[in-house]
Each structure stands twice: as structure tokens, then as C-alpha cells.
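See structure below.
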Amino acid sequence: MKPRAIVTGAAGFLGSHLVDRLLTDGWMVLGIDNLSSGRLENLALARERQGFQFRRADLRRKLRLPPATAIFHLASPASPPRYEADPIGTLEVNAFGTAQVLAHAVSCGARVLVSSTSEVYGDPQVHPQPESYWGHVNPIGVRSCYDEGKRFLEALCAAWQRQRGADVRIARIFNTYGPRMAPDDGRVVSNFFVQGWRGAPITVQGTGRQSRSFCYVDDLIEGLVRLYAAPPDTGPVNLGNPRGEATVLQLATRIRRLTGDRSPIVFVPRAADDPERRRPDLRKARRILDWEPKVPLATGLSRTSEYFHRLADRRGR
Ligand code: UDP
């Protein structure tokens with residue numbers, strides 16, 4: 001019998017890539033998603049494979065879950081426009097959803113890996129950000145449903161670990177990009193590619209001098225798999241690509257070039273509480289996971305460009 005893994009948020013960008021990887025690694029996988037931001041087409045490959053089951057369900061409701069060896073808890077809106085459109089739902093899935101996952105894990109002896117985020121650092125005053133940095137978060141700002149939702153998720157994991165012996169790993173995921181990003185997700189990479197392939201203006205918010213560190217999805221999935229196998233007392237671990245740091249304007253220029261140099265770059269107002277800089281301090285991940293992202297930004301962007309080009313072609317027909 002193969003071991004069973006439950007993946008929440010299975011139809012999302014990261015969830016679906018993780019499902020594919022777990023199936024390849026010999027797991028039976030039950031994917032759960034309410035399809036609020038996930039897309040079934042992301043699971044097209046998985047659904048043709050042995051050992052995969054999908055259940056459309058909302059983790060904010062009490063669910064009957066089967067016993068499992070592993071639970072990968074990724075369910076949550078994750079792009080700013082998505083979580084800002086449903087702040088209550090975002091807080092609820094990270095609170096009730098996570099509580100449900102932890103209770104089930106303890107009852108069946110499963111190990112849990114949860115997806116946290118670099119957003120727990122808020123608009124950081126320390127650069128790059130190590131896991132020991134406690135962050136700089138506006139608790140009532142427009143992003144707080146996500147930032148505080150994920151901080152609560154981490155607090156809940158720590159409490160369940162201390163009080164009930166839960167076996168938990170916490171991934172603090174930095175900006176990740178690649179094929180299967182939703183074209184209407186509103187993130188910077190997807191927006192710029194969709195705009196570029198349409199020849200529409202590329203919308204740089206603010207001056208474009210703010211930075212993010214962009215990690216290619218295959219590297220991130222490898223980091224998650226390694227973190228799942230790491231010792232129990234590791235605490236939160238940053239997963240991202242420090243060498244992929246770029247300003248938004250640099251990204252706009254690159255994506256404009258990759259999509260045929262047709263789009264003008266335009267400047268539009270900056271979102272509230274938008275973090276200025278973000279780059280993972282990767283020392284802990286290197287030490288504990290012996291993990292390093294391998295795909296350079298140029299390579300990752302050109303693979304992602306092909307994906308968005310195919311999407312644009314399909315929609316154009
Ligand atoms: N951004 C932009 N144009 C867009 C979308 C985003 O300039 O069309 C900027 C946004 O202001 C932020 C950065 O890109 O500074 C990253 O935004 P994203 O929504 O991708 O993710 P975040 O890291 O903020 O969660």
C-alpha cells in the first residue's frame with residue numbers, strides 16, 4: 001500500500017505542482033480545493049494518473065477526512081487582489097481550516113506541512129529577512145487578512161506542537177512564479193505576461209523601485225518536499241530565491257522584451273502597505289535542507305513566457 005498524502009489547495013498554482021511531484025514520488029494523493037482561486041485545469045495531468053483523487057470541499061466547514069501519513073496544507077487565497085476581495089474568507093481558512101487540519105493530523109498521526117509566507121515579515125525593516133525576524137505588519141491594513149491570517153496559522157501550529165504534540169513543518173514561501181499561474185490572479189508576474197502578450201500597457205505600480213525575490217516553481221516544490229522530510233524541531237523555514245531579486249521596473253523591462261517589445265510601460269498608483277523590499281535569508285534552508293534554488297530568473301521567466309504565450313494563443317482563437 002502506498003502512503004496517502006492529503007493536499008489542501010490542490011488545484012492552486014503550487015498545490016497542483018506539489019500533487020504531481022507527490023504522485024511521481026509514489027504517494028496516493030487526495031486533493032482538496034473549493035476552487036475559489038484554484039483551477040481544475042491545473043490538475044489535468046494528475047487526474048489521468050493512478051492514485052489521485054479530488055474532492056471539491058471548503059475547509060472552513062467541518063469535513064470527514066480519511067487517515068493519512070502526510071497533510072500538505074496550502075489552501076488559502078494568496079495573491080493580493082484575491083485575498084483583498086475576500087478578507088473574511090482568507091482569515092477563516094487560515095484559522096478554522098488550519099485548526100481542522102491540525103486536529104485531524106493529531107488524531108491520525110499524520111505529519112503536517114503548512115504554507116506560510118514571507119508576508120509574515122510585513123514591510124520588513126531588516127533586509128534580507130531571516131526567520132528570527134518578527135516582522136513589521138499593519139494589523140488592520142488591507143493586507144492584514146493574509147499577513148495576520150498566516151501569522152495566526154503559524155501560532156496555531158506552534159501551539160498544537162507544544163500542547164498536543166503535533167508533527168508540523170512551516171514553510172515561509174517567498175514570491176514564486178511559473179506555468180499554471182492563473183492569468184487573472186493579479187500578481188506582478190502574471191499581470192505583466194498577460195499584458196505583454198496582448199500588447200497592452202504593462203502596469204508598474206508606484207515608481208517600480210520596490211523589489212521582490214522571484215523563485216521558479218520547480219525549485220520551490222523541491223524545497224517543500226525537503227522540508228517535509230526535515231527534523232521535527234526546525235521551526236519556520238524561508239523558501240525562496242535570494243538571487244532572483246529584481247525591482248518591479250526591472251521585471252517589467254524583461255517581460256516586455258520576452259513578449260515582443262510591443263507594450264508601453266505605464267506607471268499607476270501603488271497599493272496600500274505594499275512592502276518595499278523582500279529577499280529571503282536562506283542560511284537556515286541551506287543548513288537544514290541542503291537546498292538551493294537552481295533555476296536562474298532568466299531561464300524561469302522564459303519558460304513562464306512560453307506558458308503565457310500558449311494561454312494567449314488559446315484565448316485568441
Ligand atoms: N505590481 C505592479 N503591477 C501589477 C501587479 C503588481 O507593479 O500589475 C507590484 C506590486 O505593487 C508589488 C509587486 O509588484 O510591489 C509584487 O506584487 P504581487 O501582487 O505580485 O505580490 P506581493 O509580493 O505584493 O504579494
Side-chain angles (χ1 to χ4, degrees), residues 12-14 37 74 76-87 90 94 115-124 127-129 135-138 141-151 153 171-217 220 238-242 244-256 258-259 263-280 297 300-301 304-305 308:
F13 164 50
L14 294 182
S37 58
L74 276 63
S76 172
S79 74
R82 294 275 185 188
Y83 58 69
E84 286 170 24
D86 185 13
T90 303
N94 282 294
S115 60
S116 183
T117 168
S118 57
E119 281 284 323
V120 298
Y121 302 123
D123 189 5
H127 194 77
Q129 296 82 49
H136 182 232
V137 171
N138 176 354
V142 286
R143 298 173 85 104
S144 67
C145 58
Y146 189 63
D147 300 12
E148 297 291 11
K150 290 295 187 185
R151 288 169 72 98
L153 159 142
R172 287 192 182 151
I173 301 174
F174 284 65
N175 297 64
T176 305
Y177 68 99
R180 295 192 191 159
M181 293 184 94
D184 57 354
D185 203 26
R187 283 176 224 246
V188 69
V189 171
S190 44
N191 274 6
F192 287 2
F193 274 117
V194 168
Q195 292 162 343
W197 282 120
R198 278 191 192 140
I202 292 182
T203 52
V204 170
Q205 297 175 0
T207 60
R209 281 201 289 265
Q210 69 272 31
S211 81
R212 294 293 188 271
S213 296
F214 297 99
C215 182
Y216 189 66
V217 61
L220 199 281
N238 286 340
L239 294 178
N241 188 349
E245 187 175 8
T247 67
V248 166
L249 190 55
Q250 285 167 340
L251 190 74
T253 312
R254 280 173 173 237
I255 293 181
R256 179 179 189 276
L258 282 167
T259 53
S263 291
I265 292 180
V266 300
F267 292 86
V268 300
R270 179 106 174 254
D273 293 339
D274 186 46
E276 191 56 38
R277 298 186 75 186
R278 207 189 265 155
R279 173 162 29 117
L297 189 56
L301 285 179
T304 309
S305 185
F308 279 106

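We count ligands from 1, going down the list as the structure has it; atoms in each ligand are counted the same way.
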When you look at CZ of Arg256, are more than 12 heavy atoms from neighbouring residues, nucleotides or ligands closer to it than 6.0 Å?
yes
Can you find an N or O of Asp274 that's nearer than 3.5 Å to an N or O of ligand 1?
yes
Taking the non-hydrogen atoms of Pro80, is any one of them nearer than 4.0 angstrom to ligand 1?
yes
Among Gln205, Arg82, Met181, Glu119, whose heavy atom sits nearest atom 2 (C) of ligand 1?
Gln205
Would you indicate whether Arg209, at its atom CZ, is surrounded by more than 12 heavy atoms from other residues, nucleotides or ligands within a distance under 6.0 Å?
no
Pairwise distance CZ(Phe174) to CD(Gln129) - rounded to 0.5 angstrom:
5.0 Å
Between Asp185 and Ser190, does any side-chain donor sit less than 3.5 Å from a side-chain acceptor?
no
Which one holds for Val189 and ligand 1: side chain close, backbone close, both close, or neither close, with close meaning a heavy atom under 4.0 Å?
neither
What protein heavy atom sits nearest atom 6 (C) of ligand 1, and how far away is it?
Val188 CB, 3.6 Å
Set of residues satisfying ring-ring contact (aromatic ring centres under 6.0 Å, His included) with respect to Tyr177, sequence neighbours excluded
Tyr216
For ligand 1, is there an N or O atom under 3.5 Å from any N or O atom of Thr203?
yes
Purely on distance, is any nitrogen or oxygen of Gln195 under 3.5 Å from one on ligand 1?
no
Taking only heavy atoms of Val204, which atoms of ligand 1 are found under 4.0 Å from at least one of them?
7 (O)
Under 4.0 Å from one or more heavy atoms of Asn175, ligand 1 contributes atoms 21 (O), 22 (P), 23 (O)
Is there side-chain contact between Arg143 and Tyr83, with at least one heavy-atom pair below 4.5 Å?
yes
Output yes when Lys150 and Glu119 qualify as a salt bridge under the 4.0 Å nitrogen-oxygen rule, no when they do not.
no
Classify the contact between Arg187 and ligand 1 as side chain, backbone, both or neither, using a heavy-atom distance cut-off of under 4.0 Å.
both
Should Arg254 and Phe192 count as side-chain neighbours, where that means a heavy-atom distance under 4.5 Å?
no
Distance only, no hydrogens: is a donor on one side chain within 3.5 Å (strictly under) of an acceptor on the other, for Tyr121 and Asn238?
yes
Looking only at protein heavy atoms, which one is nearest to atom 13 (C) of ligand 1, and how far off is it?
Val248 CG2, 3.7 Å
Asn191 heavy atoms, cut-off 4.0 Å: which ligand 1 atoms fall inside?
4 (C), 5 (C), 8 (O)
Selected option - heavy-atom contact closest to atom 16 (C) of ligand 1, from Arg209, Arg212, Gln210
Arg212
Any atom of ligand 1 sitting under 4.0 Å from a heavy atom of Arg270?
no
Test item, Arg143 contacting ligand 1 (heavy atom, 4.0 angstrom)
yes
Nearest 0.5 Å, please: how far is CG in Leu249 from CZ in Phe267?
5.0 Å
